[in-house]
Amino acid sequence: LERLLSQEVLVQDSKPGLFIYRQVQDHHVQTGVVCCCHVDDYRNNTIKKHERTRPDKEDDRTRHTVTLKANAGPVFLTYRDSTVIDGLVDQDVNHRPLFHFNAPDGVTHTVWPVSDTKAYVAAFGSIASAYVADGHHRAASAARAGTELRQQGACHSDECDWFLTVLFPASQLQILAYNRTVTDLNGHSKTAFIEALSELGNLSKTNDPHPTHRGKICILLEDQWFELNLDTQAIDSQDPISGLDVALLQDRILKPLLGIEDPRTDKRIKFVGGHDASKTMERQIQDQEAAVAFNLYPTSIEQLLAVSDADLMMPPKSTWFEPKLKSGLLVHSLEDPSDE
């Protein structure tokens, strides 16, 4: 960070500002507002969560932020769409961008400065809640880092109470499935495992490993894909967790058949996300790193919001967001600008 500052790769702005950040991946476009959110909004659940954090990852992120005295990567937040905010964004993206580039992974990144920051602050004042889409560990560590810096006497401004975020309207987000592979069949033969799956719903062979609707799971055993349509009639419609495909997989297959009691800690399970997840799982099966693979239908943004609104926690690895936010494009310093 010191090198990037000294070489003026990163340049400190002379006054506070907001930015618009657009990402384009293939035909998907999402445009968000880059700003700082207050740690109190995270603590009092104005910024809602849907995932538990792991202490080791949270500790590591906190050390990183305390050492840098900066947020180098933003937290990915979402909110229910607002026509007022959409209108403000449309005005600002019609100007010359601050920068625009195509990254090696094929994602195009464009950033514009905001012309009227007060209008955005006023518009977001009518938004009741924001939601952590991706970056639970970053958010939790940001709240901790400010407190630790104050305790060390290393924070002399209000910047420690704020952390870097990008707020995207919910309708623009793209959630991909977060799939699972398991190293063994828990003592079942392939034939016995297939028979057990057949008792859970309609099971048939398929050449397409991608589920087309909720409650449908595609399963790879050796070199053959199967599709399993689970019986979902008994799902409690009032419970936003039980109807998630990741929960159906855990409750009906992973725990009772494969003995995966806690997917957070069991070493026999791996999580595979992204556009190439099916190919990755096929390679794991071919290389005998896994005995079975499960390709899931993605969690929807509506399901995520419902779980968060109910103050519940999703099963681990329920969502995979793409494209990912780039770290270092915009950095929030926790130090007083007059001290730098």
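- Taking OH of Tyr21 as the start and CG of Leu329 as the end, the distance is 5.0 Å to the nearest 0.5 Å.
- The side-chain hydrogen bond (donor to acceptor under 3.5 Å, both in side chains) test applied to Asp59 returns Arg144, not counting sequence neighbours.
- One hydrophobic cluster, built from ILVMFWY side chains closer than 4.5 Å, cannot hold both Val89 and Val166; they sit in different ones.
- For the atom pair CG (Asp311) and CG (Asn45), the distance works out to 5.0 Å, reported to the nearest 0.5 Å.
- Phe124 and Leu173 sit in two unconnected hydrophobic clusters of ILVMFWY residues. Membership requires side-chain heavy atoms under 4.5 Å apart, directly or through other members.
- Met281 and Leu258 end up in different hydrophobic clusters when Ile, Leu, Val, Met, Phe, Trp and Tyr side chains are linked at under 4.5 Å.
- Under the 3.5 Å distance criterion, the side-chain polar atoms of Thr117 are left unmatched by any main-chain donor or acceptor of Gly17.
- Results of the side chain to side chain donor-acceptor pair (under 3.5 Å) test with Thr181 over Lys270, Gln284, Arg268 single out Gln284 as the only residue that passes.
- Within the 3.5 Å criterion, the main-chain N or O of Ser300 finds a donor-acceptor partner in the side chain of Gln303.
- Side-chain N/O atoms of Asn229 and His213 include a donor and acceptor closer than 3.5 Å.
- Between the side chain of Asn186 and the backbone N or O of Leu257, at least one donor-acceptor pair lies under 3.5 Å.
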| field | Lys255/Glu261 under side chain to side chain contact (heavy atoms under 4.5 Å, CB included): CA gap, chis, key distance, verdict | value | CA-CA 5 Å; Lys255 183 177 179 179; Glu261 295 286 341; 3.2 Å; yes
| task | Would you please test Ser198 and Ile194 for side chain to side chain contact (heavy atoms under 4.5 Å, CB included) and show each step? | result | CA-CA 6 Å; Ser198 300; Ile194 290 174; 4.3 Å; yes
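- For the pair Thr280/Asn179, no side-chain contact is recorded, criterion being any heavy-atom separation below 4.5 Å from C-beta on.
- We find the CG-NZ distance between Leu228 and Lys216 to be 10.5 Å, quoted to the nearest 0.5 Å.
- Side chain of Arg43 to main chain of Ala143: a donor-acceptor pair is present (N/O by atom type, distance under 3.5 Å, no hydrogens or angles).
- Annotation for His38: atom NE2 counts as buried by contact number, over 12 foreign heavy atoms lying within 6.0 Å.
- A heavy-atom distance below 4.5 Å is not found between the side chains of Leu296 and Tyr178.
- Residue pairs satisfying the side-chain hydrogen bond (donor to acceptor under 3.5 Å, both in side chains) criterion with at least one member in residues 320-331, sequence neighbours excluded, are listed as follows: Gln25-Glu322, Asp134-Lys324, Arg138-Ser327, His275-Glu322, Trp320-Glu322.
- Between the side chain of Asp245 and the main chain of Pro298, no donor-acceptor pair closer than 3.5 Å is present.
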| request: Decide salt bridge (Lys or Arg N to Asp or Glu O under 4.0 Å) for Arg150 and Asp161; before the verdict, give the C-alpha distance in whole Å, the side-chain angles of both, and the deciding distance to 0.1 Å. | output: CA-CA 10 Å; Arg150 288 191 183 283; Asp161 296 328; 3.0 Å; yes
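- Hydrophobic clustering (ILVMFWY, side-chain heavy atoms < 4.5 Å, transitive): Leu203 and Trp225 are in distinct clusters.
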| side chain to side chain contact (heavy atoms under 4.5 Å, CB included) between His109 and Val107, worked out | CA-CA 6 Å; His109 303 262; Val107 179; 3.5 Å; yes
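- Around atom CD of Gln152, more than 12 heavy atoms belonging to other residues, nucleotides or ligands sit under 6.0 Å away.
- For the pair Val246/Met314, no side-chain contact is recorded, criterion being any heavy-atom separation below 4.5 Å from C-beta on.
- Looking at Gln250, its side chain does come within 3.5 Å of a backbone N or O of Ile260 through a donor-acceptor pair.
- Within the 4.5 Å cutoff, the side chain of Leu334 has heavy atoms near those of the Asn71 side chain.
- Within 6.0 Å of NZ on Lys190 lie more than 12 heavy atoms contributed by other residues, nucleotides or ligands.
- Asp239 contributes a side-chain N or O that, together with a main-chain N or O of Ile241, makes up a donor-acceptor pair within less than 3.5 Å.
- With hydrogens and angles ignored, the 3.5 Å screen pairs a side-chain donor or acceptor of Trp112 with a backbone N or O of His95.
- Applying the 6.0 Å contact sphere to CG of Asn207 captures no more than 12 heavy atoms from other residues, nucleotides or ligands.
- Contact check for Thr53 versus Arg61: no side-chain heavy atoms found under the 4.5 Å cut-off.
- For the atom pair CD of Gln224 and CD1 of Ile285, the computed distance is 12.5 Å after rounding to the nearest 0.5 Å.
- One distance of note links CG of Leu164 with SG of Cys35; it measures 8.0 Å at 0.5 Å rounding.
- In terms of modelled atom types and a separation under 3.5 Å, the side chain of His137 and the main chain of Thr62 share no donor-acceptor contact.
- Contact check on Arg54 versus Asp60 returns no salt bridge, with no Lys/Arg side-chain nitrogen under 4.0 Å from an Asp/Glu carboxylate oxygen.
- Within the 4.5 Å cutoff, the side chain of Ser129 has heavy atoms near those of the Lys48 side chain.
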| message | Would Leu167 and Ile127 count as a side chain to side chain contact (heavy atoms under 4.5 Å, CB included) here? Give the steps. | response | CA-CA 11 Å; Leu167 283 149; Ile127 302 297; over 6 Å; no
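- Taking 4.5 Å as the limit, every side-chain heavy atom of Thr165 sits out of range of all side-chain heavy atoms of Tyr42.
- Put simply, OH on Tyr120 and CG on Leu18 are 8.0 Å apart, with the number rounded to the nearest 0.5 Å.
- Shown are Phe76, Phe321, Tyr131; of these, the ring-ring contact (aromatic ring centres under 6.0 Å, His included) with Phe168 is made only by Phe76.
- The main-chain N or O of Ile47 is found under 3.5 Å from a side-chain atom of Lys49 such that the two form a donor-acceptor pair.
- No side-chain donor-acceptor contact under 3.5 Å links Asp208 and Thr206.
- Counting heavy atoms from C-beta on, the side chains of Ser278 and His210 come closer than 4.5 Å.
- Closest of all the heavy-atom pairs between Ser126 and Ala123 is OG-O, 2.8 Å.
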